[in-house]
Amino acid sequence: MRGVSEARGSQRLPALRCLGNPGERGRASQTGPHACFLSSQEDATPRVRWPRDAQCAPSTHSPAMSGCELPRGLCPDMCPAAERARRERERRLHRLEVQPGGRGSAPRADPRRAVKEYSRPAAGKPRPPPSLLRPPPVLMATVRYLAGEVAGRADASCAEVAGFVADRLRAVRLDLSLQGVGDAETAAVLEAAQATLLAVVARLRPEEARGAPDPVLLQTQVQEGFGSLRRCYARGQAPHPRQAAFQGLFLLYNLGSVEALQEVLRLPATLRACPPLQTALAVDAAFREGNHARLFRLLRTLPYLQSCAVQGHIGYARRKALACLARALSTPKGQTLPLDFIVHLLALDGLHEAQDLCQAHGLTLDKDRVIFLRGRYSEEGLPPPGTCHILVGSKLQGHTLEEVVMAEEDKDMHRPGSPA
């Protein structure tokens, strides 16, 4: 590594050693996923808790919940015609659902764009008839549409897209729970929905999170999606084809969480031995131990969807790595490191991001070098979020989000850093 050779022969080597073997090894992180959206103080970030399987009611399509077989949905459209007409009358159509050129005083719903919105089931209200429930093939087509046509819309902000997609995917999960669907079909739809939600949330920048949608609600919906999917896995007799990958996504999204790690370690040994889960466990261990050099090496190799899941922790990990360097290198006269070494070590998207990161933590810059002066390092507010192009955006590698959502582990999706 070019930066290591530049640091050799000076007192910088203790800093590099502490990046890989800190004195606080084994201490669990107290940060939750996407902490930058939740608090202005990193150390005060609330721990995220999701409902345990035992605390969640069984799925409504489980035989234990009903004495008779639940009906199967019959609605052929992404949004039932009755709902389209009602929302037209009430003028509650989202602008992404109206016909082109129909945003005037009375916009009309486009059947090819309108998607069923989430409506909380009311106590005592009868179940919707099969004509209002979408069967699994229609639900899968809905998820495909959201991933392929909505998630990448250039005429809408990432915040608007995330709010729309999250609500419609919540309705997809509700439709699944209200009808009799096999576990294999349920898992396939839930996997595609969860992958889409992770991708659109990862594209949401912290500065956009101040408006709609509520970032805490988005995080709750991601956790609910993982809960639904993991309960579906628990009901099955055999592992699903993508179960290891999504159990790994669950751990990466909750990186550093003791509860999430315990849930994963309870899985069968054969499932834990699968490469996606082994990689997720390695990333979690590096994050938990503060082994920053190994952590960022592993993050570079993650596929796109796994990178989306872990993105919320990247800013925190970079801050802690920079703090480790500051503790080891800071002297009264100051020691220096080249900025391109910081760029490589922390997988930043260029010198400008390294400059922003160092300046945000009170460090002095001298052209293309950072000076570590004793007492200058500080942590105030949130770390710069960065664009995460190297660690996330670049890993699509010419594929569309729809392709990734539907087949994340296809052979043509080789891992970055591995032979093509």
Side-chain angles (χ1 to χ4, degrees), residues 1-31 35-36 39-45 206-207 255-256 286-300 311-391:
M1 187 164 55
R2 178 161 57 93
V4 173
S5 62
E6 295 175 358
R8 188 171 298 165
S10 69
Q11 298 181 27
R12 299 166 188 156
L13 287 178
L16 302 183
R17 286 197 295 269
C18 74
L19 286 173
N21 186 21
E24 296 181 350
R25 181 176 299 273
R27 181 175 297 178
S29 169
Q30 298 300 315
T31 59
C36 59
S39 173
S40 59
Q41 298 294 330
E42 287 286 347
D43 295 336
T45 303
E207 60 269 17
L255 203 62
F287 181 84
R288 187 185 308 280
E289 296 167 359
N291 192 336
H292 308 294
R294 175 170 169 75
L295 173 64
F296 283 98
R297 284 198 301 268
L298 289 169
L299 293 182
R300 287 176 180 271
Q311 180 178 337
H313 303 278
I314 292 175
Y316 175 81
R318 285 172 172 163
R319 165 170 280 181
K320 293 307 177 185
L322 193 62
C324 187
L325 284 172
R327 286 194 299 271
L329 294 178
S330 294
T331 64
K333 293 184 178 180
Q335 297 191 76
T336 67
L337 275 181
L339 280 175
D340 59 356
F341 173 76
I342 302 292
V343 170
H344 178 81
L345 177 68
L346 304 183
L348 295 163
D349 291 334
L351 289 177
H352 64 286
E353 283 201 356
Q355 293 169 346
D356 292 343
L357 181 65
C358 292
Q359 289 176 338
H361 293 86
L363 300 177
T364 304
L365 299 178
D366 181 15
K367 296 182 180 179
D368 60 346
R369 303 182 74 84
V370 55
I371 304 173
F372 291 92
L373 289 166
R374 184 171 296 170
R376 294 298 300 272
Y377 179 84
S378 62
E379 295 182 2
E380 295 181 2
L382 300 175
T387 56
C388 288
H389 177 72
I390 289 177
L391 291 182

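Computation of the quantities below employed the complete heavy-atom set of this structure, encompassing side-chain atoms and omitting hydrogens, waters and symmetry-equivalent molecules.
One distance of note links CZ of R297 with CG of N291; it measures 7.0 Å at 0.5 Å rounding. Atoms NE2 and CZ, from H344 and F296 in turn, are 12.0 Å apart once rounded to the nearest 0.5 Å. Annotation: the span from L329 atom CG to L363 atom CG amounts to 10.5 Å, rounded to 0.5 Å. The CG atom of L325 sits 13.5 Å away from atom NZ of K320, with the distance rounded to the nearest 0.5 Å. Atom-to-atom distance recorded for L345:CG and D340:CG is 11.5 Å, nearest 0.5 angstrom. Atom-to-atom distance recorded for F287:CZ and L299:CG is 9.5 Å, nearest 0.5 angstrom.
Annotation: side chain of L322 is not in contact with side chain of P383 (no heavy-atom distance under 4.5 Å).
The two residues R288 and G256 make their nearest non-hydrogen contact at NH1-O, 3.4 Å. Nearest heavy-atom pair across L295 and A317 is CD2-CB, 3.7 Å. Contact record, L339 with A354: CD2-CB, 4.0 Å, taken as the closest heavy-atom pair. The nearest pair of heavy atoms linking C358 to L365 is CB-CD2, 3.9 Å. Closest heavy-atom contact between R369 and P338: NH2-CD, 3.8 Å.
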Ignoring hydrogens and angles, write down the donor-acceptor pairs under 3.5 Å from the side chains of residues 370-378, residues two or more places apart or on other chains.
unit_1: R376; atom_1: NH1; unit_2: T364; atom_2: OG1; d: 3.4
unit_1: Y377; atom_1: OH; unit_2: R319; atom_2: O; d: 3.3
unit_1: Y377; atom_1: OH; unit_2: E379; atom_2: OE2; d: 2.8

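A donor-acceptor pair under 3.5 Å is absent between the side-chain atoms of H361 and the main chain of Q359, judged by distance alone. In this structure a side-chain-to-backbone donor-acceptor pair under 3.5 Å is present from R318 to L346.
In terms of the side chain to side chain donor-acceptor pair (under 3.5 Å) criterion, residue partners of D349 (sequence neighbours excluded) are, by chain and number, T387.
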Next item on the list: Applying side-chain contact (heavy atoms from CB on, under 4.5 Å), run through I314 and L391 and close with a yes or a no.
Entry: CA-CA 9 Å; I314 292 175; L391 291 182; 3.8 Å; yes
